[in-house]
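Here is the structure we will look at.
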Amino acid sequence: MLDLKLIRNNPDQVRAGLNKRGAGGLIDELLQLDEERRDKLAKVEALKNKRNVVSKEVGRLKAAKVDATNLINEMKAVNEEIKQLDGIVRSLEEKINDILYSLPNLPQADVPVGPDEAANVEIRRWGEPRSFSFEPKPHWELGEKLNLFDFDQGAKISGARFTVLKGLGARLERALINFMLDLHINEHGYTEVFPPFLVNRACMVGTGQLPKFEEDMFKVGSGDYYLIPTAEVPVTNLHREEILAGERLPIKYVAYTACFRAEAGSAGRDTRGLIRQHQFNKVELVKLTKPEDSAREHESLVQDAERVLQLLNLPYRVVLLSSGDMGFAASKCYDLEVWLPSFGHYREISSCSNFEDFQARRAHIRFRREPEGKPEFVHTLNGSGLAIGRTVAAIVENYQQADGSITVPEVLVPYMGGIKVIK
RNA sequence: GGAGAGAUGGCUGAGUGGUCGAAGGCGCCCGCCUCGAAAGCGGGUAGGGGUUUACGCCCCUCGCGAGUUCGAAUCUCGCUCUCUCCGCCA
């Protein structure tokens with residue numbers, strides 16, 4: 001959520017920023033509603049002040065056994081007026097909040113401007129895509145042949161976009177989860193968190209999934225529960241409504257969770273294989289930082305995610321997303337794209353975003369620099385480190401042999417119980 | 001699921017209709033004392049919103065939401081959460 005005071009004081013700057021994302025149209029309406037609200041608020045607060053003063057006077061008169069009927073009757077009339085004005089103020093606030101909650105974050109100055117991924121900028125590449133002496137097969141073919149995944153059974157027990165992992169396929173999934181967690185915990189200094197996979201609505205609003213993207217979420221039962229689309233939601237919201245001591249920052253969490261996405265609007269895309277599933281596993285990195293540190297922490301978060309691909313020896317590139325391709329809440333976002341031989345190009349495997357204070361303002365996550373200092377909003381960041389299913393796909397495809405077997409990346413062998421080849 | 005108890009500031013804990021945003025204690029901050037520290041002494045110490053060049057002033061908030069009243073932390077109703085006991089259960 002953007003700061004209403006910032007919009008009030010710098011409407012042109014905000015409008016320009018939002019226009020980079022095609023979302024600047026509501027600012028004038030917002031300003032008008034804001035002005036009207038403040039006008040009505042001043043009126044109703046003056047009346048409330050009068051009520052408070054007179055009520056105290058009534059108390060004094062009664063204590064002195066003096067009749068106060070006139071004052072009481074006068075306040076009854078004032079109360080009617082307060083009630084009416086309060087209603088107007090509340091409905092104006094609802095309209096203001098509806099707009100504020102629907103506005104995306106402002107892009108940072110160095111974010112390339114453009115409507116979609118065509119404007120993204122490649123930052124760097126690591127590793128050389130392997131040249132095959134044979135025609136490389138897609139991961140779904142290799143995996144089904146080796147009995148690592150079963151797409152038909154996934155469809156039978158659940159539906160489209162669900163997959164059953166079996167045998168060494170399930171083992172590989174679990175090995176990757178443990179490998180990534182260990183790396184980030186032991187070498188990158190993150191604290192492990194294992195959160196619930198169901199969260200309440202306030203969490204979803206806090207990180208920006210709601211109210212705008214309800215159709216992408218799975219809602220559970222009659223209650224207030226949502227299946228998490230990413231660990232970002234529960235982990236960032238750990239500190240919702242809190243004021244943290246400044247010396248605790250930066251806070252760095254790593255969490256393995258399953259993730260659940262309705263994939264509304266993705267019908268027909270990536271229908272084969274592990275690339276786009278309703279349920280997938282992911283190891284997620286989350287940081288809470290002081291505002292002045294978030295840019296630096298963003299870069300180091302990307303490097304922490306890159307380290308996973310480097311250790312797995314998977315070729316990848318880092319892409320800076322354009323203003324139009326970034327997620328709703330992001331101010332700046334790097335994607336890590338891994339080389340997939342079956343596609344013949346790079347494919348997103350991690351998304352590392354700096355949200356600045358956008359989520360913190362929604363979720364009321366603040367900190368105090370000094371013990372007596374004023375609370376300020378933290379900056380929140382997160383990134384996949386990495387998406388497990390896409391990593392499995394990348395390993396299967398990049399490590400495939402002519403005979404259809406898969407070499408296990410060296411760092412994973414201990415996590416695979418010493419198995420070096422999947423055949 | 002059944003029965004009962006509770007929810008007040010960073011923590012603890014008073015407060016059952018009026019001057020209470022809230023006593024006391026702890027913690028924290030500033031000062032005095034000290035070579036320095038501790039102890040002691042004095043003062044300060046919630047969040048949000050509106051307004052103001054500023055000092056300041058005003059409004060709201062005692063789990064959340066309604067209601068009664070001129071006036072609610074205090075009374076009424078609903079909800080959420082926590083604790084104890086029983087049942088069920090991985």
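A note on names: the letters A, B, ... follow the listed sequences, proteins ahead of strands, and every chain is numbered from 1. Heavy atoms only: backbone and side chains are in, while hydrogens, waters and symmetry mates are out.
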Apply ring-ring contact (aromatic ring centres under 6.0 Å, His included) to residues A/F218 and A/H278 and explain how you reach the verdict. CA-CA 9 Å; A/F218 285 114; A/H278 285 312; 5.7 Å; yes

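Rounded to whole Å, atom P of B/G48 lies 8 Å from atom CZ of A/F377. One can place CZ of A/R60 at 10 Å from C1' of B/G18, the figure rounded to the nearest angstrom. One interatomic measurement links the two molecules: CD1 of A/I243 to P of B/G27, which rounds to 22 Å at whole-angstrom precision. Rounding to whole angstrom units, NZ of residue A/K43 and C1' of B/G50 are separated by 14 Å. Atom-to-atom, CD of A/E241 to C1' of B/A46 comes out at 15 Å; the value is rounded to the nearest Å. Atoms NZ (A/K62) and P (B/G18) sit 12 Å apart, rounded to a whole Å.
Taking atom C1' in both B/U68 and B/C77, the straight-line distance is 11 Å, to the nearest Å. Separation of the P atoms belonging to B/A54 and B/G6 is 48 Å when rounded to the nearest angstrom. Nucleotides B/G31 and B/G17, compared at atom C1', are 42 Å apart to the nearest Å. Here, B/G78 and B/G25 have their P atoms 39 Å apart, quoted to the whole Å. Here the separation of B/C83 from B/G63, taken at their C1' atoms, is 15 Å to the nearest Å. Distance noted for atom P between B/U8 and B/A73: 16 Å (whole Å). A gap of 16 Å separates the P atoms of B/A23 and B/G47, to the nearest Å. The P atoms of B/G36 and B/U51 are separated by 49 Å, rounded to the nearest whole Å.
Under a 4.0 Å N-O distance rule, the pair A/D152/A/K156 does not qualify as a salt bridge.
A side-chain donor from one of A/E397 and A/S342 sits under 3.5 Å from a side-chain acceptor of the other. Side-chain polar atoms of A/D335 and A/S351 form a donor-acceptor pair below 3.5 angstrom.
Classified by interplanar angle (parallel below 30°, tilted 30° to 60°, perpendicular above 60°), the ring pair A/F197/A/F260 is tilted. In this structure, A/H184 and A/H188 have tilted ring planes: the angle between them lies in the 30° to 60° band. Taking the six-membered ring for Trp and thresholds of 30 and 60 degrees, A/H298 and A/Y334 have ring planes inclined between 30 and 60 degrees apart.
Among the heavy atoms of the strands lying under 4.0 Å from A/L41 are primed sugar atoms or P, OP1, OP2 only; no base atom is included. Using a 4.0 Å heavy-atom distance criterion, A/K40 is classed as making no nucleic acid contact. Nucleic acid contact class of A/K374 (heavy atoms, under 4.0 Å, all strands): sugar-phosphate only.
Relative to the side chain of A/K48, the nucleotides B/C60, B/U19, B/G18 differ in distance, and B/C60 lies closest. For A/V58, the listed nucleotide lying nearest its side chain is B/C70; candidates were B/G47, B/G50, B/C70. Of the listed nucleotides (B/G47, B/U19, B/C59), B/C59 has the atom at the smallest distance from the side chain of A/N52. Nearest to the side chain of A/E45, among B/C60, B/G47, B/G50, sits B/G50. Of the candidate nucleotides B/G18, B/C58, B/G50, B/C58 has the atom nearest to the side chain of A/N49.
For CD of A/E35, the number of neighbouring non-hydrogen atoms (other residues, nucleotides, ligands) closer than 6.0 Å is 12 at most.
B/G65 is paired with B/C77 under the criterion used here, namely a Watson-Crick or G-U wobble arrangement in which both key atom distances are under 3.5 Å. Nucleotide B/G17 has no partner under the Watson-Crick or G-U criteria, as no pair reaches both atom distances under 3.5 Å. Pair assignment for B/U34: none, as no Watson-Crick or G-U wobble contacts are both less than 3.5 Å. The partner of B/C26, taking Watson-Crick or G-U wobble pairs whose two distances both stay under 3.5 Å, is B/G10. Nucleotide B/C85 forms a pair with B/G2, judged by Watson-Crick or G-U wobble geometry with both contacts under 3.5 Å. Under the Watson-Crick and G-U wobble criteria, each requiring two contacts below 3.5 Å, nucleotide B/A72 is left unpaired. Across all strands shown, B/C55 forms no Watson-Crick or G-U wobble pair with both distances under 3.5 Å.
Dashed line: the shortest gap from a side-chain N or O of A/N79 to OP1 or OP2 of B/G71 is under 4.0 Å. Note on A/K76: a side-chain N or O is less than 4.0 Å away from OP1 or OP2 of B/C70. At least one side-chain nitrogen or oxygen of A/R8 sits closer than 4.0 Å to the OP1 or OP2 atom of B/G50.
A side-chain donor-acceptor contact under 3.5 Å links A/R362 to the backbone of A/V205. Between the side chain of A/E337 and the main chain of A/E348, no donor-acceptor pair closer than 3.5 Å is present.
The shortest distance between side-chain heavy atoms of A/M217 and A/L227 does not fall below 4.5 Å. Counting heavy atoms from C-beta on, the side chains of A/T207 and A/F355 never come closer than 4.5 Å.
Comparing A/P375 and A/V53 by the nucleotide of RNA chain B whose heavy atom lies nearest to each, the residue mapping closer to the 5' end is A/P375. Closest-nucleotide positions on RNA chain B for A/G59 and A/N73 were compared, and the one nearer the 5' end corresponds to A/G59.
Within residues 84-95 of chain A, no residue has any heavy atom closer than 4.0 Å to RNA chain B. Of all the residues in residues 365-373 of chain A, A/R366, A/R368, A/P371, A/E372 reach under 4.0 Å from RNA chain B with at least one non-hydrogen atom.
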